Amino acid sequence: ILASILSLTIYWIIRDRYRVRNLNGKLVFITGCDTGLGNSLAKWLDKKGFCVIAACATEKGSQELQSCSSLSLKTVHLNLADSNSIARAVVFVTEQTAGKGLFGFVSNAEGTAPLGPTDWLRIEDFHSVLDISLLGLIEITLKLLPLLKKAEGRVVNLINAKGLMAFVGGGYSLSKWGMEAFSDTLRIEMQHFGVKVSIVEHGFFKAEEVKSDIIEKYLFKLWNRLTPEIRDSYGEKYL
């Protein structure tokens, strides 16, 4: 038993010391790069020598990222709730790979999330999150798989750990649990093709701190559209 534990420890240390070599020319596609974690990752990988394609939802985000990065970093507009936008982004990424395949795909997306009791929500409130943070990410992953298989690349799904705690109603936690399940299944299936699938569960970042005034705005918006019957069942004190 001791020999097994020692062997496993040595293997773990050796494995964790391994680093990817020859970074130049390796292409990585990242979603959600307007701000926050995706933005910071795009800049860091660019400095390391990777060829980065950063997907941004706004022109402002794209311009600001390009202004502080190298010329090798490319940006592409992406709306994960729009299948046509996803298709155009995949075509752009395919052209940039020049037949070599995709070394890495990092998914990082946050849909708008009305927070409140489930009883206060409508189905469109769930769609506003799931269409982006779950279904949109699944759709673009499926379309990128041929490129990833060709390069024996890797998928890295960034999942906010606070979404794994079902402490409030809405689609936010559903999207995070859904990405966990999708990633675990995909990892098993892609082993045959040499494609790695990883999950990075991260916590709060300063740039992502939840502002109480935004939560309050959502709550009052939900409260004001409730039927008198539901509002009376909760009462002003609950709000």
Side-chain angles (χ1 to χ4, degrees), residues 30-42 54-65 75 77-86 89 106-140 157-183 199-239:
I30 311 170
T31 65
C33 294
D34 292 83
T35 58
L37 187 55
N39 182 277
S40 298
L41 180 62
C56 298
T58 64
E59 185 64 29
K60 179 183 177 182
S62 176
Q63 291 176 351
E64 290 180 349
L65 181 57
T75 61
H77 179 265
L78 176 62
N79 176 7
L80 285 169
D82 182 359
S83 292
N84 292 327
S85 178
I86 290 174
V106 182
S107 72
N108 169 54
E110 297 281 317
T112 56
L115 300 176
T118 302
D119 199 15
W120 296 14
L121 302 173
R122 299 172 181 171
I123 192 62
E124 54 263 32
D125 297 321
F126 288 86
H127 276 295
S128 68
V129 183
L130 297 177
D131 287 350
I132 296 174
S133 298
L134 180 58
L135 298 178
L137 287 177
I138 290 175
E139 182 176 353
I140 196 167
N157 290 324
L158 305 181
I159 300 176
N160 199 317
K162 67 178 182 281
L164 301 178
M165 299 176 287
F167 63 93
V168 67
Y172 191 79
S173 293
L174 289 176
S175 69
K176 303 310 171 190
W177 282 107
M179 281 306 295
E180 290 267 345
F182 175 72
S183 302
I199 300 170
V200 176
E201 295 174 352
H202 61 84
F204 275 104
F205 289 87
K206 188 174 183 180
E208 296 178 344
E209 288 178 353
V210 178
K211 296 181 180 179
S212 59
D213 58 333
I214 296 177
I215 296 177
E216 187 174 304
K217 180 181 177 181
Y218 269 127
L219 284 173
F220 276 105
K221 180 180 178 181
L222 296 174
W223 177 261
N224 291 330
R225 77 180 189 190
L226 292 176
T227 63
E229 291 79 11
I230 295 179
R231 196 180 302 162
D232 290 343
S233 70
Y234 284 91
E236 291 283 348
K237 185 177 180 180
Y238 186 93
L239 174 64

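These numbers were taken from a predicted model, which means no experiment stands behind them.
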Working for side-chain contact (heavy atoms from CB on, under 4.5 Å), residues Asp119 and Tyr234: CA-CA 10 Å; Asp119 199 15; Tyr234 284 91; 3.0 Å; yes
At what distance, to the nearest 0.5 angstrom, does [atom1] of [X] lie from [atom2] of [Y]?
X      : Y      : atom1 : atom2 : answer
Thr31  : Ile132 : OG1   : CD1   : 11.0 Å
Ile140 : Ile138 : CD1   : CD1   : 12.5 Å
Lys176 : Ile159 : NZ    : CD1   : 7.0 Å
Gln63  : Thr58  : CD    : OG1   : 9.0 Å
Ser133 : Met179 : OG    : CE    : 9.0 Å
Leu78  : Cys56  : CG    : SG    : 9.5 Å

Distance-minimising heavy-atom pair for [X] and [Y]:
X      : Y      : value
Ala54  : Leu65  : CB-CD2, 3.4 Å
Ser83  : Glu139 : OG-OE2, 2.9 Å
Asn39  : Cys33  : ND2-O, 3.0 Å
Ser183 : Asn157 : OG-ND2, 2.7 Å

Side-chain heavy atoms of Ser62 within contact of His77, under 4.5 Å: no
Full working for side-chain contact (heavy atoms from CB on, under 4.5 Å) between Glu201 and Glu180: CA-CA 10 Å; Glu201 295 174 352; Glu180 290 267 345; 2.5 Å; yes
Test item: Ser175 side-chain N/O and Tyr172 main-chain N/O as donor-acceptor pair under 3.5 Å: yes
Derivation of the side-chain contact (heavy atoms from CB on, under 4.5 Å) call for Leu41 and Asn108: CA-CA 10 Å; Leu41 180 62; Asn108 169 54; over 6 Å; no
Mind listing the side-chain donor-acceptor pairs of residues 220-227 below 3.5 Å, one per line with the distance, residues two or more places apart or on another chain?
unit_1: Asn224; atom_1: ND2; unit_2: Phe220; atom_2: O; d: 2.9
unit_1: Arg225; atom_1: NH2; unit_2: Asp125; atom_2: OD2; d: 2.2
unit_1: Thr227; atom_1: OG1; unit_2: Ile230; atom_2: N; d: 3.3

Full working for side-chain contact (heavy atoms from CB on, under 4.5 Å) between Phe126 and Leu134: CA-CA 11 Å; Phe126 288 86; Leu134 180 58; over 6 Å; no
Side chain to side chain contact (heavy atoms under 4.5 Å, CB included) partner of Asp82, chosen from Asn84, Ile86, Leu80: Asn84
